[in-house]
Participant: 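Next up is a structure, given as C-alpha cells.
Atoms within each ligand, like the ligands themselves, are counted from 1 in listed order. All values below were derived from every heavy atom in this structure, side-chain atoms included, with hydrogens, water molecules and symmetry-related copies excluded.
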Amino acid sequence: MNKTVAVIEGDDAAPEAMRPVVALLDSLQLGLSWVRPQVGETAEAATGSTFPDAARALIDAADTTLFGSTSGKSGAALGYLRWGKETYANVRPCRYLRGCASPLARPDGIDFVIVRENLEDLYVGAEGPLEDLAPLGLVGRSVRRPIHELGSGRYAIKAITREGTERVVRFAFRLAAARTGRDGAGEPKVTCATKHNMLRDTDGLFLQVAREVAEDHPDIAFESFIVDDFACRMIREPERFDVVVMPNQYGDILSDAAGGLLGSLGLAASGCFGEDYAYFEPAHGTAPDIAGRNIINPTATILSATMMLDYLGLDEAARRIEAGLARVYDDGTALTPDQGGSSSTTEFMHALARVL
Ligand code: IPM
Ligand code: MG
C-alpha cells in the first residue's frame, strides 16, 4: 500500500519533534511517501506568499497531512487545513501512560478523548469595533445595559449552528462506539460540556442538538455538564470520562488542561477530521522557549502520527508504536525534561527505536 503524506514541520521547536518522527516512520517501511509543501516564512521568501497555490495542491493531492505546531506565518496553511478542508471534529485523546509525570496522585485509568468542534463558536473570525453594532439596537438579557451604551470597545461573534453541532456530536457518538473495542474499555459514554446557563441561545442550541443526537444512540450513555463544573470534574475524576464533546473554545482550553493532567503539553496529540480529509498535529504550540535545544518532547507528535496511521488503515503499526512508547515511559530512563528526565529528543527517539 502506498500512501502520500504532506508533512509541514512547523515553527520554532516543532521541527525538532517532527523530523525524527518522520524518520522513525520511514524506518518502519510502512509504504508512506512524503511530500513537503512549502509554507510560512520559507514560502514567503521564495514566492511572496505564506501559503502558495503549490502548497495547497500538495495538501489536496496527499492522503493526509502531518503538521507541526505553528506560530504566525504557517497560520494560513493551518486555516486551510481546518476551514478549507472542513475538518470539523478535532479529536484530542487524554490517556495516561505509566511513567509520565502526571501531577495527580492516582492518574491510572485516565483514558478519555475531547472532541472539539473545530470550525465555529468564537473562532469564526468575526471581530470588530463595538460601535459597529450600535445600529442593531441589541439589548442584553435582564438588567444588562444595551450594547450601544457600553461605550467604545471590541466584540467577537460566537456562532453555533445546528448543522455544525450535529455533525460533531454524531462524530463523538461514532467514536464512543468505536472505542468499546479497545483494551480496558468500559461502557461507552458521551459527555457534553457547554455554558448553556449563560449562553442560552448558542451553547443552549449545542446542548439541545447533543440531546437529540443522543436519543438516536440508546446504547451509549449520555450526560451533560456546565463547562466550568466539567473542568473541575475533569481534574477530580478524569477516569470517569470517555468521549467529551464541546464547542470550539472550551475544547481548545480544556484540551491543554487535559495535557496538564497527564504531565505536560508534550503529551497532547490531535487529529482533525472532516468528511473527506483529515490531518494530524500535536495540540501544543511551537515552544519557542526551547527552540534549538533538542529537548522538545516528541510524544505529542508521535501520538498524532499514530492517529494518522489509524486513519490510513495502518492500525497494526499504530498499536506497535503505542506499545513501544508505553515501554519507554514505563522504563523511564530516556524521558525529556518536561517529564522529569534529562534526555534529549534524539535520545528519547533512539530509546523508542530500540524497543520497536
Ligand atoms: C490549537 C491551537 C490553535 C487553536 C492555534 C494555534 C490557532 O491552540 O490547536 O489548540 O487555537 O486552535
Ligand atoms: Mg490550543
Side-chain angles (χ1 to χ4, degrees), residues 7-15 17-18 21 39-41 50-51 59 64-94 112-127 156-160 164 168 171-172 193 206 227 230-231 234 244-274 277-291 296-305 307-308 311 338:
V7 56
I8 295 170
E9 288 179 349
D11 305 313
D12 301 324
M18 186 59 84
V21 171
V39 305
E41 231 158 274
T50 57
F51 187 48
I59 289 171
T64 185
T65 295
L66 187 58
F67 191 89
S69 318
T70 171
S71 72
K73 293 214 166 160
S74 317
L78 180 80
Y80 180 67
L81 287 162
R82 292 194 184 177
W83 287 275
K85 293 302 218 182
E86 277 201 69
T87 49
Y88 62 84
N90 191 332
V91 177
R92 301 191 151 178
C94 179
F112 67 90
V113 182
I114 289 177
V115 177
R116 161 187 177 191
E117 197 289 318
N118 210 28
L119 307 176
E120 302 193 340
D121 192 19
L122 272 164
Y123 297 1
V124 291
E127 297 182 282
I157 299 276
K158 174 175 168 103
I160 302 281
V168 77
F171 185 101
F206 194 100
V227 64
F230 170 77
M234 186 182 90
V244 190
V245 66
M246 57 186 104
N248 203 341
Q249 188 177 37
Y250 312 136
D252 185 14
I253 295 166
L254 289 169
S255 56
D256 276 30
L261 275 184
L262 298 181
S264 98
L265 273 180
L267 306 170
S270 88
C272 298
F273 296 81
Y277 203 86
Y279 86 97
F280 300 85
E281 62 172 338
H284 60 67
T286 62
D289 51 328
I290 55 166
I296 187 171
N297 187 342
T299 305
T301 304
I302 295 165
L303 290 174
S304 303
M307 292 174 79
M308 178 186 84
Y311 173 70
D338 60 298

Participant: Any donor-acceptor pair under 3.5 Å linking the side chain of T299 with the backbone of L267?
Facilitator: no
Participant: Parallel, tilted or perpendicular: which fits the ring planes of F51 and Y80, with parallel below 30° and perpendicular above 60°?
Facilitator: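 Ring orientation, 0 to 90° scale: tilted.
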Participant: Please report the number of protein N, O or S atoms that lie less than 2.8 Å from the Mg ion (ligand 2).
Facilitator: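 For the Mg ion (ligand 2), the figure is 1.
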Participant: For the side chain of Y277 and the backbone of G84, is there at least one donor-acceptor N/O pair under 3.5 Å apart?
Facilitator: no
Participant: Could you tell me how the ring of F273 sits relative to the ring of Y311: parallel (under 30°), tilted (30 to 60°) or perpendicular (over 60°)?
Facilitator: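 Perpendicular.
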Participant: I'd like to know if the side chain of N248 and the backbone of E120 have a donor-acceptor N/O pair within less than 3.5 Å.
Facilitator: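 Yes: the side chain of N248 pairs with the backbone of E120.
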Participant: Checking the side chain of T286 only, and the main-chain atoms of D11 only, is there a donor and an acceptor separated by less than 3.5 Å?
Facilitator: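 No; judged by distance alone, with no hydrogens or angles, the pair does not exist.
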Participant: Using a 3.5 Å cut-off on N/O to N/O, what pairs does ligand 1 make with the protein? A line per pair would be great.
Facilitator:
residue: ligand 1; atom: 8 (O); partner: D252; partner atom: OD1; Å: 3.4
residue: ligand 1; atom: 9 (O); partner: R82; partner atom: NH2; Å: 2.8
residue: ligand 1; atom: 9 (O); partner: R92; partner atom: NH2; Å: 2.8
residue: ligand 1; atom: 10 (O); partner: R92; partner atom: NH1; Å: 3.0
residue: ligand 1; atom: 10 (O); partner: R92; partner atom: NH2; Å: 3.1
residue: ligand 1; atom: 10 (O); partner: R116; partner atom: NH1; Å: 3.1
residue: ligand 1; atom: 10 (O); partner: D252; partner atom: OD1; Å: 2.9
residue: ligand 1; atom: 11 (O); partner: D252; partner atom: OD2; Å: 3.1
residue: ligand 1; atom: 12 (O); partner: R82; partner atom: NH1; Å: 2.6
residue: ligand 1; atom: 12 (O); partner: R116; partner atom: NH1; Å: 3.1
residue: ligand 1; atom: 12 (O); partner: R116; partner atom: NH2; Å: 2.7

Participant: For T87, does its backbone N or O pair with a side-chain atom of N118 as donor and acceptor, under 3.5 Å?
Facilitator: yes
Participant: Does some side-chain heavy atom of M18 sit less than 4.5 Å from a side-chain heavy atom of I296?
Facilitator: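 I296 does not reach M18 side chain to side chain.
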Participant: Is there a side-chain contact between I59 and Y279 (heavy atoms, below 4.5 Å)?
Facilitator: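 The answer is no, as the side chains (C-beta and beyond) never meet within the 4.5 Å cut-off.
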